[in-house]
Amino acid sequence: MQNTEKKPFEKRNGNRNHEKKAFNKELDPITSKLVDVNRITKVVKGGRNMRFSALVVAGDKAGKVGIGSGKAAEVPNAIDKATMSAKKHMVSIPLEGTTIPHEVIGKFGTSMVKLLPSKEGTGVIAGGSVRPVVELCGIKDITAKTYGSRNKINCVKATLNGLMQLRSKEEIAALRGKSVEEIL
């Protein structure tokens, strides 16, 4: 005989992947911030095609930071693509305590960002699109000034360019073939 009892509703495998993703996000030390979302319109024979591009900055707040952009037909998909790209293209930045080792100027396109080390307790003094890059890198005390174009994408890339130019005392000593004490 067949059992004709109706079983109460049970969750199937559909939600298990979602639970795994949520669990991995808690363990993942990398955080990300959305900097900009743009709507892109492509005019074709049949009308206009709307797409979205997103710019995301990801970092572990301990000296590693990356930027990524993604395009998709919907905003959440574009943000996901940009986040994956940012995590994939992370670079290490040398820090000196809570600030940067020395003054540096980063350039990209017509945007120019000047990054200055600050005393402990100063905080992050930086404009709109420079701030997320600096904060997610783990820098707590810095002064930044943007010159030229204020385009968010170019400012973020100029900031990352500046951070990538930074050198620690140990790196400079190794390049010169001297000890750190001899340089200082």
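A quick note: this is a predicted structure, and the numbers were derived from the prediction, not measured. Residue numbers start at 1 and run along the sequence shown.
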Asker: Please evaluate residues Asn154 and Ser149 with respect to the criterion side-chain hydrogen bond (donor to acceptor under 3.5 Å, both in side chains), reporting the C-alpha separation (whole Å), side-chain torsions for both, the decisive distance (0.1 Å), and the verdict.
Answerer: CA-CA 8 Å; Asn154 287 354; Ser149 171; 4.6 Å; no
Asker: Side-chain contact test, heavy atoms from C-beta onward, threshold under 4.5 Å: evaluate it for Ile139 versus Ile100 and give yes or no.
Answerer: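 Yes - at least one pair of side-chain heavy atoms lies under 4.5 Å apart.
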Asker: List the atom of Ala86, the atom of Gly68, and the distance in Å for their closest heavy-atom pair.
Answerer: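 Of all heavy-atom pairs spanning Ala86 and Gly68, the closest is CB-N, 3.5 Å.
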Asker: Is any side-chain heavy atom of Asn38 less than 4.5 Å from a side-chain heavy atom of Ile153?
Answerer: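 Yes; the side chains approach each other to less than 4.5 Å.
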Asker: Starting at NZ of Lys88, measure out to OG1 of Thr83 and round the result to the nearest 0.5 Å.
Answerer: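 So the gap between those two atoms works out to 13.5 Å.
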Asker: To the nearest 0.5 Å, what is the distance between CD on Glu96 and CG on Leu166?
Answerer: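 One finds 10.0 Å between CD of Glu96 and CG of Leu166.
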Asker: Is it the case that one hydrophobic cluster holds both Val56 and Val65, taking links as side-chain heavy atoms less than 4.5 Å apart, direct or via other members?
Answerer: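 Cluster IDs for Val56 and Val65 differ.
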Asker: Hydrophobic cluster membership, with links at side-chain heavy-atom distances under 4.5 Å among I/L/V/M/F/W/Y: are Leu95 and Ile172 in one?
Answerer: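 No, no single cluster joins them.
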Asker: Side-chain donor-acceptor pair under 3.5 Å between Thr143 and Ser118, yes or no?
Answerer: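 Their side chains do contain a donor-acceptor pair, which is all the 3.5 Å distance test asks for.
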Asker: Please answer whether the main-chain N or O of Lys107 pairs with a side-chain N or O of Asn161 as donor and acceptor at a distance below 3.5 Å.
Answerer: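 Checking the backbone N and O of Lys107 against the side chain of Asn161, a donor-acceptor pair under 3.5 Å is found.
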Asker: Between Arg167 and His102, which heavy-atom pair has the shortest distance, and what is it?
Answerer: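 Residues Arg167 and His102, closest heavy atoms: N-NE2, 3.2 Å.
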Asker: Between the side chain of Asp141 and the main-chain N/O of Gly121, is any donor-acceptor distance below 3.5 Å?
Answerer: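 Indeed, once roles are kept as given, a pair shorter than 3.5 Å links the two residues.
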Asker: So, Glu171 side chain and Ser168 main chain: donor-acceptor pair closer than 3.5 Å or not?
Answerer: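 Checking the backbone N and O of Ser168 against the side chain of Glu171, a donor-acceptor pair under 3.5 Å is found.
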Asker: Which pair of non-hydrogen atoms, one from Ser129 and one from Val156, has the smallest distance, and what is that distance?
Answerer: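 Taking Ser129 first and Val156 second, the nearest heavy atoms are O-CG2, 3.4 Å.
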Asker: Has the side chain of Arg176 got a donor or acceptor atom that lies under 3.5 Å from a matching backbone atom of Ala174?
Answerer: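 Side chain of Arg176 to backbone of Ala174: no pair is present.
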Asker: Check step by step if side chain to side chain contact (heavy atoms under 4.5 Å, CB included) holds for Lys169 and Ile183.
Answerer: CA-CA 8 Å; Lys169 294 173 189 172; Ile183 292 175; over 6 Å; no
Asker: Minimum heavy-atom separation for Pro94 and Pro101, please, with both atom names.
Answerer: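 Closest approach of Pro94 to Pro101, heavy atoms only: O-CD, 3.4 Å.
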Asker: Do Arg39 and Thr41 come close enough that some side-chain heavy atom pair is under 4.5 Å?
Answerer: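 A side-chain contact exists here, since the closest heavy-atom pair is under 4.5 Å.
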Asker: Side chains of Ile67 and Lys157, heavy atoms from C-beta outward: is any pair under 4.5 Å?
Answerer: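 Yes. Closest side-chain heavy atoms under 4.5 Å.
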Asker: Is it the case that more than 12 heavy atoms not belonging to Met50 sit under 6.0 Å from its CE atom?
Answerer: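 More than 12 within 6.0 Å, yes.
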Asker: Could you tell me whether a side-chain N or O of Thr159 sits under 3.5 Å from a main-chain N or O of Cys155, the two making a donor and an acceptor?
Answerer: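 Between the backbone of Cys155 and the side chain of Thr159 there is a qualifying donor-acceptor contact (under 3.5 Å).
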Asker: Looking only at heavy atoms, what is the nearest atom pair of Ala72 and Ala78, with distance?
Answerer: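 Between these two residues, the closest heavy atoms are CB-N, 3.5 Å.
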Asker: Starting from Leu115, can I reach Met112 by hopping between I/L/V/M/F/W/Y residues whose side chains sit under 4.5 Å apart?
Answerer: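 Result: no, two separate clusters.
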Asker: Atom OG of Ser111 and atom CZ of Arg150: how far apart are they, to the nearest 0.5 Å?
Answerer: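 Reported to 0.5 Å precision, the distance equals 8.5 Å.
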Asker: Taking all atoms of both residues into account, what is the closest heavy-atom pair of Leu55 and Lys152, and its distance?
Answerer: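 Taking Leu55 first and Lys152 second, the nearest heavy atoms are CD2-O, 4.2 Å.
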Asker: With a 3.5 Å distance limit and no angle check, can you tell me whether Glu182 reaches the backbone of Ser179 through a side-chain donor-acceptor pair?
Answerer: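 At least one qualifying donor-acceptor pair exists.
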Asker: Measure the spacing between NE2 of His89 and CE of Met84 and express it to the nearest 0.5 Å.
Answerer: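 Spacing of NE2 (His89) from CE (Met84) equals 11.0 Å.
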Asker: Using 0.5 Å steps for rounding, measure from the CG atom of Leu163 to the CD1 atom of Ile93.
Answerer: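 Answer rounded to 0.5 Å: 5.0 Å.
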Asker: So do the side chains of Ile142 and Leu116 get within less than 4.5 Å of each other, counting heavy atoms only?
Answerer: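 No, too far: nothing below the 4.5 Å cut-off.
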Asker: Using a 4.5 Å cut-off on heavy atoms from C-beta on, say whether the side chain of Ile125 contacts that of Thr122.
Answerer: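 The answer is yes; the side chains approach within 4.5 Å.
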Asker: When you compare the side chain of Lys71 with that of Phe52, does any pair of heavy atoms fall below 4.5 Å?
Answerer: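 When only atoms from C-beta onward are counted, Lys71 and Phe52 do not touch, as no gap falls below 4.5 Å.
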Asker: When you compare the side chain of Lys61 with that of Leu136, does any pair of heavy atoms fall below 4.5 Å?
Answerer: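 A side-chain contact exists here, since the closest heavy-atom pair is under 4.5 Å.
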Asker: Calculate, to the nearest 0.5 Å, the distance between atoms CG and CD belonging to Leu160 and Gln165 respectively.
Answerer: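 Reported to 0.5 Å precision, the distance equals 10.5 Å.
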Asker: Should the heavy atoms of other residues, nucleotides or ligands under 6.0 Å from CE of Met90 be counted, would the total exceed 12?
Answerer: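 Yes, the 6.0 Å shell around CE holds more than 12 heavy atoms from other groups.
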Asker: Using the rule that Ile, Leu, Val, Met, Phe, Trp and Tyr join whenever any side-chain heavy atoms are under 4.5 Å apart, tell me whether Val113 and Tyr147 fall into a single cluster.
Answerer: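 Val113 does not cluster with Tyr147.
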Asker: I'd like to know whether NZ of Lys64 has more than 12 heavy-atom contacts from other residues, nucleotides or ligands below 6.0 angstrom.
Answerer: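 12 or below, so no.
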Asker: Does Val35 share a hydrophobic cluster with Ile79, counting links as ILVMFWY side-chain heavy atoms below 4.5 Å and allowing steps through other members?
Answerer: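 Unlinked, Val35 and Ile79 end up in two clusters.
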Asker: Crowded around Lys140 NZ? As in, over 12 foreign heavy atoms under 6.0 Å?
Answerer: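 No, not enclosed.
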Asker: Would you call Glu74 and Arg51 a salt bridge, taking side-chain N to carboxylate O under 4.0 Å as the test?
Answerer: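 So Glu74 does not pair with Arg51 through a salt bridge.
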